[in-house]
Number of protein chains: 2
Amino acid sequence: MTKDIEHRLKNKDINLTAMRLLVLDFLTKQVAAISLNDLEKGMGPSDRITLYRTLKTFEEKGLVHSIEDGTGATKYALCEDNCDGDHHHDLHVHFYCNTCKETFCLPNTKIPEISLPKRFQSEEMNLIIKGICDQCHPD
Amino acid sequence: MTKDIEHRLKNKDINLTAMRLLVLDFLTKQVAAISLNDLEKGMGPSDRITLYRTLKTFEEKGLVHSIEDGTGATKYALCEDNCDGDHHHDLHVHFYCNTCKETFCLPNTKIPEISLPKRFQSEEMNLIIKGICDQCHPD
DNA sequence: ATGACGATGCAATGCTATTGCAATGTTAGT
DNA sequence: ACTAACATTGCAATAGCATTGCATCGTCAT
Ligand SMILES: [Mn+2]
Ligand SMILES: [Mn+2]
Ligand SMILES: [Zn+2]
Ligand SMILES: [Zn+2]
């Protein structure tokens, strides 16, 4: 229902536009994180830069988070509800499948506490695990 | 001593060249991981592409490992002795300092075991922690 | 000496991210 | 409804880093 999409934008203090509704709708349908290229191909004909800025806006407002999975292209995925622009609470592990080349959020797999050397102070953590995803698992 | 540098190359099955000796010597003097740009600036006048391929060769042979710290530029740092091209054993944490913008290997801070969801199989892990390094720590 | 092979230098290209700016759309006050 | 202020969009241009092609050069074994 498009009303639901609208509410999600409003709740994050994002102005409604046709493009943003379409992008958010597209994002909710994804099972894996997507790159700007994926978004461009998945959407109808639309301007790449506008899509880029839409993702940036979504990220600033805490609607999506970005993932650097080492492929060179930044991936984006929807945030959990309690994220805002300043504090993303997506401290979960991200998984890159070497077989299907997809990047997944593992929202239930949290990054454990790490005890750093003296006087190192952690502000942010990013854990990427590469391997074989459940879909590509053999047997 | 340059003999030591030579041995390290030979041990990793890397042919000796003047350029490689210089690059490895430069790498051993670094306290933080360096980018291709850092290397280019730190070395005498030398061709950027040759430096690029030198780093690639070192990585393939298990002499250095590369680090994606999210800055956009790949960083490189010397491996521990037991690495080879196929299996890098640098499963340590990397730390990016938001203040001095340097990336450090934390060889004594290992990435803990993570229990993944059913049928996800880990082959490689990459943990970047961002924050304030010991040198930039206040008080 | 010469031929094979690896390393180097330079040019060119690909790809992603990012910005400038003008045009367009939206909103709010009058 | 009119208009000024503001946000969004579309297109062009630029910046950076990564990567490849190719000709040249150096080294080593025969
Ligand atoms: Mn995620
Ligand atoms: Mn390291
Ligand atoms: Zn897979
Ligand atoms: Zn620092």
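- Looking at A:Asn11, its side chain does come within 3.5 Å of a backbone N or O of A:His7 through a donor-acceptor pair.
- Per the geometry, NZ belonging to A:Lys41 stands 11 Å off C1' belonging to C:dC15, to the nearest Å.
- The CZ-P distance, from A:Phe58 to D:dA7, rounds to 17 Å in whole Å.
- Salt-bridge formation is detected for the pair A:Arg48/A:Glu40: a Lys NZ or Arg NE/NH1/NH2 atom is positioned less than 4.0 Å from an Asp or Glu carboxylate oxygen.
- Rounded to an integer number of Å, the gap from A:Ile14 CD1 to D:dA7 C1' is 14 Å.
- Of the possible polar contacts, none joining the A:His65 side chain to the A:Glu59 backbone as a donor-acceptor pair under 3.5 Å is found.
- If you take CG of A:Leu16 and P of C:dG25, they are 18 Å apart, rounded to a whole angstrom.
- With sequence neighbours left out, the salt bridge (Lys or Arg N to Asp or Glu O under 4.0 Å) criterion links A:Asp134 to no other residue.
- Rounded to whole Å, the distance from OH on B:Tyr52 to C1' on C:dA12 is 15 Å.
- For B:Arg20 (side chain) and B:Leu9 (main-chain N/O), no donor-acceptor pair under 3.5 Å exists by modelled atom type.
- Under 4.0 angstrom from either OP1 or OP2 of C:dA17 there lies no side-chain N or O belonging to A:Lys56.
- Nearest heavy atoms, B:Thr109 versus A:Ser115: CG2-O, 3.9 Å.
- In this structure, the CD atom of A:Glu40 is 11 Å from the P atom of C:dA17, given to the nearest Å.
- Computed from coordinates, the A:Leu51 CG to D:dC11 P distance equals 12 Å when rounded to whole Å.
- Taking side-chain N and O atoms only, A:Asn15 has a distance below 4.0 Å to OP1 or OP2 of D:dT8.
- In this structure, B:Asp38 places its CG atom 10 Å from P of D:dC17, rounding to the nearest Å.
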Nucleotide N/O of nucleotides 8-10 of chain C paired with protein N/O under 3.5 Å:
unit_1 : atom_1 : unit_2  : atom_2 : d
C:dT8  : OP1    : B:Thr17 : OG1    : 2.9
C:dG9  : OP2    : B:Thr50 : OG1    : 2.9
C:dG9  : O6     : B:Arg53 : NH2    : 2.5
C:dC10 : N4     : B:Arg53 : NH2    : 3.3

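- An OP1 or OP2 oxygen of C:dC15 is reached within less than 4.0 angstrom by no side-chain nitrogen or oxygen of A:Asn37.
- Just one residue in the list B:Glu6, B:Lys12, B:Met19, B:Arg8 forms a side-chain contact (heavy atoms from CB on, under 4.5 Å) with B:Leu24, and that residue is B:Arg8.
- Across all strands, A:Thr74 comes closer than 4.0 Å only to sugar-phosphate atoms, never to a base (heavy-atom distances).
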